[in-house]
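See structure below.
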Amino acid sequence: MDIKKNYINGQWQAALSGATRSITNPGNGEVIGIVADSNADDSRLAIAAAKNAFYGKGEWRRMNGPKRAEMLLAIADKIRARADELALLDMLDNGKPLREARADVDDAAACFRYYAGLVCQPQGGVYEVSDGFGPMHSYSMHEPVGVCALITPWNYPLLMATWKLAPSLAAGNCVVFKPSEVTPLSAVELFRIFDEVGLPAGTANLVLGTGPQAGHELALSHDVDMITFTGSTRTGQIIASAAVGNLKKVGLELGGKSPNVIFADADLEGAVEWAMIGVFFNQGEVCSAGSRILVEESLKDKFVARLAERANAMTIGYGLNNPDMGAIVSSTQLEKVLGHIERAKQQGATLVCGGERYTEGECAKGYFVRPTIFDNCTKEMDIVREEVFGPVVAVQTFRTEAEAVAMANDTPYGLAGAVFTSDGARALRVMKEIRAGVTWINCYNPTFNEAPWGGYKMSGYGRDLGVNGLQEYQQVKQVNINLKPGVVGWYENKAND
Ligand code: NAD
């Protein structure tokens with residue numbers, strides 16, 4: 001098996017220490033790759049390459065928007081041309097069903113295309129100004145931030161990489177990217193594509209390794225101007241405090257415990273299906289997962305019975321065979337999910353379905369969990385308070401709209417939330433009251449390159465995607481031009497006063 005290397009200053013390089021780590025297929029426990037296991041020295045090398053590319057050579061930042069867009073479009077084309085291969089890699093690495101991995105690849109290509117288009121749009125603004133000094137003209141321009149460090153988790157390996165790489169590169173930054181140590185394989189191929197399209201050396205650098213060993217230096221380094229991170233709230237806190245040394249700009253996309261509020265007048269079948277997409281899609285390893293279902297008391301029994309019927313009918317299996325649900329990403333995450341399930345049982349939640357590891361047939365060697373529903377949950381229970389990041393949902397009931405809103409907001413997180421009702425006015429009222437950065441009405445989880453994505457409260461700050469996603473990686477410069485050069489006579493006037 002060839003060793004996947006770091007990509008620094010346009011060269012593929014082993015970790016300086018020579019260390020490697022093996023990557024496992026969570027569907028069957030087999031080793032599918034060996035990758036460089038970098039440490040802070042490798043990160044420093046990558047930062048130096050990005051710094052030289054940005055501040056020294058300056059080729060990428062000086063390239064105009066349309067020219068950079070051409071490169072991004074070439075990247076999108078190559079992603080599309082290799083879509084089947086990239087999808088297979090993410091499936092093998094992450095455990096998700098192949099068709100979901102394939103959808104991620106299509107989204108990734110579309111994301112590069114979206115930012116290629118956006119960077120050709122007018123940037124900045126022109127201001128009408130007047131001043132005691134005489135006629136002036138003022139405009140603002142958007143410039144890249146500089147050296148950006150990007151760190152991503154394992155749940156959407158290629159897509160999370162793209163959400164950060166496409167806008168940061170579109171804006172003209174030079175970057176160091178560290179994917180999750182659990183799922184780095186598609187990132188290596190993405191950087192092969194960067195190499196093929198001819199990104200200038202040092203513009204995009206890849207460091208493979210763990211967070212504490214390789215990632216932490218990216219947050220600490222005074223040569224990094226910005227760090228954007230997607231991952232757990234705990235790691236986000238560590239990164240934000242490590243970043244204060246040089247006051248680098250910080251963007252955090254963190255965890256969630258998102259409420260899915262279902263009123264009795266909702267379309268039952270629709271609400272059940274979207275609730276399943278909300279919490280079982282991608283094995284429930286979704287930051288925005290609707291892991292708290294708040295359902296109006298009069299509908300609860302019917303709703304839970306139908307949800308359980310549908311959940312029990314889900315196929316679970318090896319990603320290649322396109323089951324409804326694939327494997328949990330790692331043995332560590334499997335233990336974590338099973339631990340949450342055990343605690344919920346101990347704390348008195350009623351197990352409706354699932355609640356255990358799934359080991360039938362082809363799943364015997366992999367890390368699979370049956371879709372799990374807990375009923376009669378109360379606000380003190382860990383299953384209501386803590387992010388599980390697996391196919392587990394906690395059901396609670398409410399009687400009034402005000403109670404539903406209070407329960408929805410009773411969490412330190414604020415990433416997402418949804419409301420299901422046939423009353424349009426109520427849908428908008430409740431949506432406005434939910435303190436979360438992403439909300440849905442009568443659906444759950446659709447996400448678009450065009451629309452900003454990010455959290456309130458302890459789900460982080462900053463935005464991925466949309467125009468805001470590009471602006472995260474830009475800083476604004478104000479330019480003021482004197483339209484009547486020459487002496488203005490300011491001091492002379494003062495003297496004559
Ligand atoms: P994690 O926080 O353990 O790791 C995420 C990344 O951070 C990995 O690349 C890891 O190597 C790195 N890291 C860990 N410690 C670090 C440190 N001290 N310094 C620098 N880097 C460090 O998260 P995970 O288990 O990979 O992913 C699951 C979490 O990600 C969940 O909490 C989920 O909600 C969150 N997530 C959020 C979003 C969003 O958009 N808000 C999207 C996907 C996942």
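FYI, the numbering just counts along the sequence from 1. Counting convention: from 1, in listed order, for ligands and their atoms alike. Every value quoted in this text rests on a predicted model; they were computed, and no experiment measured them.
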Would you check the N or O atoms of Asn155, main chain and side chain alike, for any that come under 3.5 Å of an N or O of ligand 1?
no
Below the 3.5 angstrom mark, is there an N/O of Thr235, backbone or side chain, next to an N/O of ligand 1?
yes
At under 4.0 Å between heavy atoms, which part of Leu415 makes contact with ligand 1: side chain, backbone, both or neither?
side chain
Could you tell me if Tyr473 and Thr228 have a donor-acceptor pair between their side chains, going purely by distance under 3.5 Å?
yes
Are any of the N or O atoms of Ser232 closer than 3.5 Å to those of ligand 1?
yes
Close side-chain approach of Thr20 to Ile34, heavy-atom, < 4.5 Å
yes
For a 4.5 angstrom cut-off between non-hydrogen side-chain atoms, does Thr411 reach Ser258?
no
Shortest protein heavy-atom distance from atom 34 (O) of ligand 1, along with the residue and atom involved
Glu387 OE2, 2.6 Å
Does even one non-hydrogen atom of Ser180 get within less than 4.0 Å of ligand 1?
yes
How far is atom 35 (C) of ligand 1 from its nearest protein heavy atom, and which residue and atom is that?
Gly231 O, 3.1 Å
Which part of Phe389 is near ligand 1, with near meaning a heavy atom under 4.0 Å away: side chain, backbone, both or neither?
side chain
Should you measure from each heavy atom of His216, which atoms of ligand 1 turn up under 4.0 Å away?
18 (N), 19 (N), 20 (C)
Can you see whether Phe191 has Lys5 sitting over its ring - NZ or CZ less than 6.0 Å from the centre and within 45° of the normal?
no
Any idea which atoms of ligand 1 are less than 4.0 Å away from a heavy-atom of Gly215?
19 (N), 20 (C), 21 (N)
Quick one: salt bridge (charged side-chain N to carboxylate O under 4.0 Å, His left out) partners of Lys78, sequence neighbours excluded?
Glu196
Measuring from atom 13 (N) of ligand 1, which candidate in Gly211, Gly460, Gly455 has the nearest non-hydrogen atom?
Gly211
Answer with yes or no whether Phe229 contacts ligand 1, where contact means a heavy atom under 4.0 Å from a ligand atom.
yes
Answer yes or no: does an N/O atom from Thr230 fall short of 3.5 Å to an N/O atom of ligand 1?
no
Test of proximity, Thr210 against ligand 1: N or O pairs below 3.5 Å:
no
For atom 27 (O) of ligand 1, decide whether some protein heavy-atom distance is shorter than 4.0 Å.
yes
Checking side-chain polar atoms at under 3.5 Å, does Lys164 have a donor or acceptor matched by the opposite partner on Thr152?
no
Please state whether Trp453 comes within less than 4.0 angstrom of ligand 1, counting heavy atoms only.
yes
Top protein contact for atom 41 (N) of ligand 1, by heavy-atom distance
Leu254 O, 2.7 Å
Judged by modelled atom types alone, do Lys96 and Asn282 share a side-chain donor-acceptor pair under 3.5 Å?
yes
For ligand 1, is Pro179 a contact, meaning one of its heavy atoms is under 4.0 Å away?
yes
Nearest protein heavy-atom contact for atom 24 (P) of ligand 1: which residue, which atom, what distance?
Trp154 NE1, 3.3 Å
With heavy atoms of Ile238 as the reference, note each atom of ligand 1 found under 4.0 Å away.
18 (N)
Would you say that Lys178 contacts Leu218 through its side chain, given a criterion of any heavy-atom pair below 4.5 Å between the two side chains?
yes
Classify the contact between Ile239 and ligand 1 as side chain, backbone, both or neither, using a heavy-atom distance cut-off of under 4.0 Å.
side chain
Side chains of Val188 and Leu208: closer than 4.5 Å at any heavy-atom pair?
yes
Suppose we measure from atom 8 (C) of ligand 1 to each protein heavy atom; which comes out shortest, and what is that distance?
Thr152 O, 3.4 Å
Cys287 versus ligand 1: do any nitrogen or oxygen atoms come within less than 3.5 Å of each other?
no
Give a yes or no on whether a salt bridge exists between Asp41 and Arg44, defined as a side-chain N under 4.0 angstrom from a carboxylate O.
yes
Within the 3.5 Å criterion, strictly below it, is a donor on Gln346 or Arg343 matched to an acceptor on the partner's side chain?
no
Select the closest option to atom 11 (O) of ligand 1 among Glu253, Gln213, Gln237, Glu181, judged by heavy-atom distance.
Glu181
Using a strict threshold of under 4.0 Å (side-chain N to carboxylate O), is an ion pair present between Asp90 and Arg102?
no
Will you find, in the side chains of Asn25 and Tyr318, an N or O donor that is under 3.5 Å from an N or O acceptor?
yes
Carboxylate-amine/guanidinium proximity below 4.0 Å for Asp84 and Arg82
no
When distances are taken from atom 12 (C) of ligand 1, the protein heavy atom at minimum range is Ile151 CG2, 3.7 Å
Do Lys379 and Met407 have side chains that get closer than 4.5 Å, going by heavy atoms?
no
Atoms in ligand 1 with a heavy atom of Gly255 nearer than 4.0 Å
32 (O), 34 (O)
